[in-house]
There are 2 protein chains.
Amino acid sequence: MRLDAQLCFAVHAASRAFDSVYRVTLREAGLTYPQYLVLLVLWEHGELSVKELGQRLRLDSGTLSPLLKRMETAGWVERRRDRADERSVVVRPTEEGLGLRERVCIVPEHTVESTGMSIAEMGELRDRLKELTDSLDAAVVRLSGTGARA
Amino acid sequence: MRLDAQLCFAVHAASRAFDSVYRVTLREAGLTYPQYLVLLVLWEHGELSVKELGQRLRLDSGTLSPLLKRMETAGWVERRRDRADERSVVVRPTEEGLGLRERVCIVPEHTVESTGMSIAEMGELRDRLKELTDSLDAAVVRLSGTGARA
DNA sequence: CACGATTCAGTTGTGCGCAACTGAACAGCG
DNA sequence: CGCTGTTCAGTTGCGCACAACTGAATCGTG
């Protein structure tokens with residue numbers, strides 16, 4: 001198999017392997033990995049609009065709307081229209097959502113152990129993947145941008 | 001955000017960025033990326049059981065069964081029970097499935113360009129990700145294996 | 001041979017992710 | 001002010017991915 005396919009496959013496999021680890025460690029809290037990501041961002045920023053969440057997590061409203069709906073049903077976040085701009089919806093963690101922070105505080109160390117990597121290696125790999133992602137994103141714009149020229 | 005979350009997020013983002021590139025390049029052929037992976041393996045091996053496909057692609061029957069069903073409907077693969085072992089189902093590409101190989105032959109070079117990486121860098125990154133995946137897989141066995149001890 | 005355990009593919013249910021679209025709110029410009 | 005185009009979140013439809021399960025075929029052991 002060609003190298004590009006191997007690399008892409010390796011990225012996918014690693015992604016799903018990470019999912020499996022988080023599935024196990026987050027199972028007790030009832031969280032999925034994307035929901036955990038949303039909480040990580042909200043714990044850090046307090047409250048964000050759906051758009052800002054999407055920019056940080058690289059997700060669009062088609063993914064976030066139902067995801068946030070489930071999290072609101074579970075009682076972890078609240079949503080309300082921004083009175084300054086009624087198009088926008090502001091998401092913030094509830095007391096229960098803030099409380100989850102304590103329940104899942106052991107998750108990071110489990111994950112670090114699971115990687116079998118040093119902190120330096122993890123940082124380096126993260127940076128390489130960021131560069132790769134940026135290159136791929138730029139390529140998508142080039143490839144589909146030219147084709148979709150109306 | 002903690003480093004492990006950053007690394008995991010970077011892997012996920014790269015995975016989805018790759019998806020986007022393949023979505024564009026495979027669009028004309030009507031293939032999705034997982035379907036393309038199945039064909040890559042079948043082009044190389046001629047025919048494989050669902051189990052063997054799953055082992056190579058790291059997918060279970062819950063994912064492969066409907067995926068192969070769609071590919072059979074599209075006329076790219078055939079499925080038949082193995083007469084030597086009626087539990088097993090053998091999958092092989094049809095003439096049309098073999099013909100797709102020519103239609104998507106430009107996909108790899110598009111993808112290589114899109115990564116913005118040298119061949120050596122791609123190989124190195126692939127190897128690092130394989131190690132990471134192996135470590136994570138082992139961790140899942142440890143974490144859930146001990147918990148599920150009946 | 002018989003019978004319990006295992007190995008298969010397939011089904012069901014849930015959640016993520018994206019394309020394409022809808023409808024409401026807003027911004028800019030004449 | 002009114003109209004047009006844009007920016008939002010949300011919905012629909014589809015495909016991938018996995019857990020948990022079903023049912024049929026096979027294997028192993030007595």
Side-chain angles (χ1 to χ4, degrees), chain A residues 9 12-24 26-27 30-38 48-55 57-74 77 79-91 137 140 144 147-148, chain B residues 8-9 12-24 26-27 30-38 48-55 57-74 79-91 137 140 144 147-148:
Chain A
F9 180 74
H12 273 76
S15 173
R16 285 182 283 146
F18 253 129
D19 271 344
S20 297
V21 172
Y22 275 106
R23 204 187 313 275
V24 174
L26 293 174
R27 188 196 188 98
L31 281 166
T32 66
Y33 171 67
Q35 292 167 3
Y36 174 66
L37 276 185
V38 167
L48 287 171
S49 71
V50 173
K51 180 191 178 180
E52 289 166 328
L53 264 176
Q55 286 170 342
L57 299 179
R58 205 183 185 281
L59 295 172
D60 66 357
S61 67
T63 300
L64 281 175
S65 286
L67 191 155
L68 294 171
K69 200 175 188 178
R70 284 187 289 270
M71 293 185 72
E72 191 172 36
T73 302
V77 301
R79 288 187 294 176
R80 65 166 210 284
R81 290 278 162 184
D82 184 350
R83 263 177 296 181
D85 183 346
E86 291 281 344
R87 290 172 303 181
S88 183
V89 165
V90 175
V91 184
D137 282 342
V140 170
S144 60
Chain B
C8 180
F9 179 74
H12 272 76
S15 172
R16 283 181 286 143
F18 254 128
D19 271 343
S20 298
V21 172
Y22 275 107
R23 202 187 315 278
V24 173
L26 293 175
R27 188 195 189 98
L31 282 167
T32 66
Y33 171 67
Q35 291 168 2
Y36 174 65
L37 277 185
V38 166
L48 288 171
S49 70
V50 174
K51 181 191 177 180
E52 290 167 327
L53 264 176
Q55 286 170 341
L57 300 179
R58 206 182 184 282
L59 295 171
D60 66 358
S61 66
T63 299
L64 282 175
S65 285
L67 191 156
L68 294 171
K69 200 173 186 175
R70 283 186 288 270
M71 292 185 73
E72 192 172 36
T73 301
R79 288 187 296 176
R80 64 166 211 282
R81 289 277 162 185
D82 184 348
R83 265 177 295 181
D85 183 345
E86 292 280 344
R87 292 172 303 182
S88 183
V89 165
V90 175
V91 184
D137 282 342
V140 171
S144 60

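Quick caveat: nothing in here was measured; it's all calculated off a predicted structure. When reading the values below, keep in mind they use all heavy atoms of this one structure, side chains included, and skip hydrogens, waters and symmetry mates. Letters go in sequence order (proteins before strands), and every chain restarts at 1.
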Query raised in the report: With a 4.0 Å cut-off on heavy atoms, is A:Leu64 in touch with a base, just the backbone sugar-phosphate, or nothing at all?
Result: nothing

Please tabulate, one pair per line, each protein N/O and nucleotide N/O from nucleotides 2-6 of chain D that are separated by under 3.5 Å, including the distance.
none

Query - Distance-minimising heavy-atom pair for A:Gly30 and A:Gln35 - result: O-OE1, 4.1 Å

Query raised in the report: Taking only residues two or more places apart in sequence, or in another chain, which ones meet B:Ser65 in a side-chain contact (heavy atoms from CB on, under 4.5 Å)?
Result: B:Ser61

Query - Letter per nucleotide, 5' to 3', of nucleotides 18-23 of chain C [B base touched, S only sugar-phosphate touched, - untouched; heavy atoms, 4.0 Å] - result: BBS---

Report task. Report which part of the nucleic acid A:Asp85 touches: base, sugar-phosphate, or nothing (heavy-atom distance under 4.0 Å, all strands). Result -> sugar-phosphate

Query - For B:Pro34 against B:Leu67, the heavy-atom pair lying closest together - result: CB-CD1, 3.7 Å

Query - Between D:dT26 (P) and B:Arg83 (CZ): distance, integer Å - result: 13 Å

Requested in this report: Report the distance from atom CG of B:Leu67 to atom P of D:dC18, rounded to the nearest whole Å.
Outcome: 12 Å

Report summary line: Note: for A:Tyr33 and A:Asp82 on DNA chain C, the residue whose nearest nucleotide lies more 5' is A:Tyr33

Query - Rounded distance (Å) that lies between atom C1' of C:dG10 and atom NZ of B:Lys51 - result: 16 Å

Query raised in the report: Looking at residues at least two apart in the chain, or sitting in another chain, which of them share a side-chain hydrogen bond (donor to acceptor under 3.5 Å, both in side chains) with A:Glu72?
Result: A:Arg79

Requested in this report: Using atom NZ of B:Lys69 as one end and atom P of D:dC14 as the other, report the distance to the nearest whole Å.
Outcome: 15 Å

Requested in this report: Check the distance between C:dG17's P and B:Phe18's CZ and give it to me in whole angstrom.
Outcome: 18 Å

Query - Partners passing salt bridge (charged side-chain N to carboxylate O under 4.0 Å, His left out) against B:Arg58 (at least two apart in sequence or in another chain) - result: B:Asp137

Report summary line: ring pair (Phe, Tyr, Trp, His ring centres under 6.0 Å) filter on A:Tyr22, not counting sequence neighbours, yields A:Tyr33, A:Tyr36

Report task. Please identify each residue that fulfils side-chain contact (heavy atoms from CB on, under 4.5 Å) with B:Ser20, with sequence neighbours left out. Result -> A:Val140

Query - Residue list, side-chain hydrogen bond (donor to acceptor under 3.5 Å, both in side chains) with A:Arg81, at least two apart or on another chain - result: none

Query raised in the report: How long is the line joining CD of B:Gln35 and P of D:dA17, in whole Å?
Result: 10 Å

Requested in this report: Return the value, rounded to whole Å, for the distance between atom CG of B:Asp137 and atom P of D:dC18.
Outcome: 10 Å

Report summary line: Which of C:dT11, C:dC26, C:dA9 is nearest the side chain of A:Glu86? It is C:dC26

Requested in this report: Report the distance from atom CD of A:Gln55 to atom C1' of D:dT7, rounded to the nearest whole Å.
Outcome: 12 Å

Report task. Under the side-chain contact (heavy atoms from CB on, under 4.5 Å) rule, collect the residues that match up with B:Arg80, sequence neighbours excluded. Result -> B:Glu47, B:Val90, B:Arg92

Query raised in the report: Between A:Arg81 and D:dC8, is there a side-chain N or O to OP1/OP2 distance below 4.0 Å?
Result: no

